[in-house]
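What follows is a single structure, written as structure tokens, with notes after it.
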Amino acid sequence: MRSESHGARRRRQIVATAVDLSTAEGLESLSLSRLASEVGLSKPGVAAHFGSKQALQLAVVDAAADAYAGFLAEAQEASEPGLARLRALARAWLDHLDGIDYRGGCFFAAAGHDFSGRPGAVREAVARYTRRFVHTLDEQARLAARLGELRPGVDAAALAFSLHALAQEANLRRELLDDDEAFPLARRALDQLLDGVTSPPSKESSR
């Protein structure tokens with residue numbers, strides 16, 4: 001297996017620092033000179049790895065998405081499709097957000113706010129990855145409903161919406177309100193929400 005080149009390692013370091021920095025200062029506000037000072041390079045030295053600010057921004061979005069993809073894959077592999085997977089995905093996302101050390105919290109929450117009114121390639125990249133996770137939650141909620149794992153009348157789409165909103169609220173409370181109990185509270189709310197919509201076991205399955 002070929003070892004990573006010095007240039008590739010340096011580029012990865014720059015991108016990782018840019019992900020962290022952009023959560024606090026904004027992806028749109030990210031400048032080559034500001035990033036250069038963070039990584040100890042000259043502005044031309046940083047620019048040489050990307051060619052443009054937009055190329056840097058897109059690399060940052062892709063890198064942040066790769067980190068999310070890892071915990072999603074683990075949660076899906078360790079759980080059965082339907083309600084179990086829905087719970088595993090939602091809990092894994094809370095654990096991931098609670099454990100990241102980005103100085104501004106959730107990257108996609110920050111980037112989504114930053115680019116919600118800015119059309120272009122970066123906005124589309126942020127939206128694509130966000131939509132992918134939202135779709136995954138929605139898919140598992142609808143599957144749980146079809147499998148009879150949810151109580152009759154439960155709106156699967158609204159359930160998935162609530163789970164996504166729960167994590168966003170926890171991130172906001174911790175980052176804006178300095179609430180150290182935000183994620184423990186979110187985990188309790190998650191269990192309460194899912195327990196409340198779960199169908200009781202049938203008499204046959206409990207025998």
Side-chain angles (χ1 to χ4, degrees), residues 19 23 61-100 102 104-117 123-177 179 181-207:
V19 173
T23 62
V61 175
D62 287 342
D66 285 344
Y68 282 74
F71 84 82
L72 288 176
E74 290 179 5
Q76 293 194 76
E77 291 173 3
S79 57
E80 292 295 321
L83 182 62
R85 184 165 296 175
L86 181 65
R87 188 187 294 269
L89 287 167
R91 179 169 279 277
W93 190 30
L94 287 174
D95 290 345
H96 177 76
L97 293 181
D98 194 14
I100 58 176
Y102 297 152
C106 176
F107 171 84
F108 282 97
H113 181 270
D114 206 14
F115 278 86
S116 59
R123 180 186 186 276
E124 289 306 309
V126 173
R128 181 174 64 254
Y129 287 122
T130 302
R131 191 178 296 114
R132 185 177 300 174
F133 181 58
V134 169
H135 174 73
T136 300
L137 291 176
D138 188 72
E139 181 180 57
Q140 294 304 314
R142 292 179 187 276
L143 177 57
R146 291 198 300 273
L147 293 173
E149 295 176 326
L150 302 182
R151 292 181 181 275
V154 171
D155 187 330
L159 175 59
F161 182 96
S162 298
L163 293 174
H164 188 265
L166 187 65
Q168 295 294 315
E169 176 67 12
N171 181 73
L172 177 67
R173 285 198 183 197
R174 185 178 66 180
E175 299 306 321
L176 183 63
L177 305 181
D179 184 355
E181 291 301 310
F183 280 93
L185 177 59
R187 291 185 184 92
R188 297 198 303 273
L190 166 65
D191 289 337
Q192 180 173 293
L193 174 62
L194 291 179
D195 290 347
V197 300
T198 301
S199 290
S202 64
K203 293 181 180 180
E204 289 186 2
S205 64
S206 61
R207 290 176 182 173

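In terms of heavy atoms, Ala63 sits closest to Val19 at CB-CG2, 4.2 Å. For the residue pair Ala156 and Ala141, the shortest heavy atom distance occurs at O-CB, 3.5 Å. Pro200 and Arg151 make their closest contact through CD-NH1, 3.7 Å (heavy atoms, listed as atom of the first residue, atom of the second, distance).
Leu94 contributes atom CG, which lies 9.0 Å from atom CZ of Phe71 (distance to the nearest 0.5 angstrom). With values rounded to the nearest 0.5 angstrom, Leu97 atom CG is found 13.0 Å from Phe107 atom CZ. For the atom pair CG of Leu163 and CH2 of Trp93, the computed distance is 9.5 Å after rounding to the nearest 0.5 Å. Considering CG of Asn171 and CG of Leu176, their distance stands at 10.0 Å, rounded to 0.5 Å. Here Phe183 contributes atom CZ and Asp95 contributes atom CG; the two are 9.5 Å apart, rounded to the nearest 0.5 Å. Rounding to the nearest 0.5 Å gives a distance of 9.5 Å between CG of Leu86 and CD of Glu149.
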Legend entry - side chain to side chain contact (heavy atoms under 4.5 Å, CB included) between Leu72 and Thr136, worked out: CA-CA 9 Å; Leu72 288 176; Thr136 300; 5.6 Å; no
Inset, instruction - Just do the salt bridge (Lys or Arg N to Asp or Glu O under 4.0 Å) check on Arg173 and Glu169 with the steps written out, would you? - result: CA-CA 6 Å; Arg173 285 198 183 197; Glu169 176 67 12; 2.9 Å; yes
Legend entry - Verdict with reasoning, Leu83 to Leu147, per side chain to side chain contact (heavy atoms under 4.5 Å, CB included): CA-CA 9 Å; Leu83 182 62; Leu147 293 173; over 6 Å; no
Inset, instruction - Would you check, one step at a time, whether the test side chain to side chain contact (heavy atoms under 4.5 Å, CB included) holds for Leu159 with Leu193? - result: CA-CA 8 Å; Leu159 175 59; Leu193 174 62; 3.9 Å; yes
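Panel note: side chain Arg142, backbone Ala157; no donor-acceptor pair is recorded below 3.5 Å. Remark: the backbone N or O of Gln76 is paired with a side-chain donor or acceptor of Arg85 at under 3.5 angstrom. In this structure, Arg87 contributes its side chain and Ser79 its backbone to no donor-acceptor pair below 3.5 Å.
Leu166 places a side-chain heavy atom less than 4.5 Å from the side chain of Leu190. Counting only heavy atoms from C-beta outward, the side chains of Phe161 and His164 never approach each other to under 4.5 Å.
The number of heavy atoms from other shown groups lying within 6.0 Å of CZ (Phe133) is above 12.
Aromatic ring centres of Phe108 and Tyr68 lie closer together than 6.0 Å.
Asp191 has no carboxylate O lying under 4.0 Å from a charged side-chain N of Arg187, or vice versa, which leaves the two without a salt bridge.
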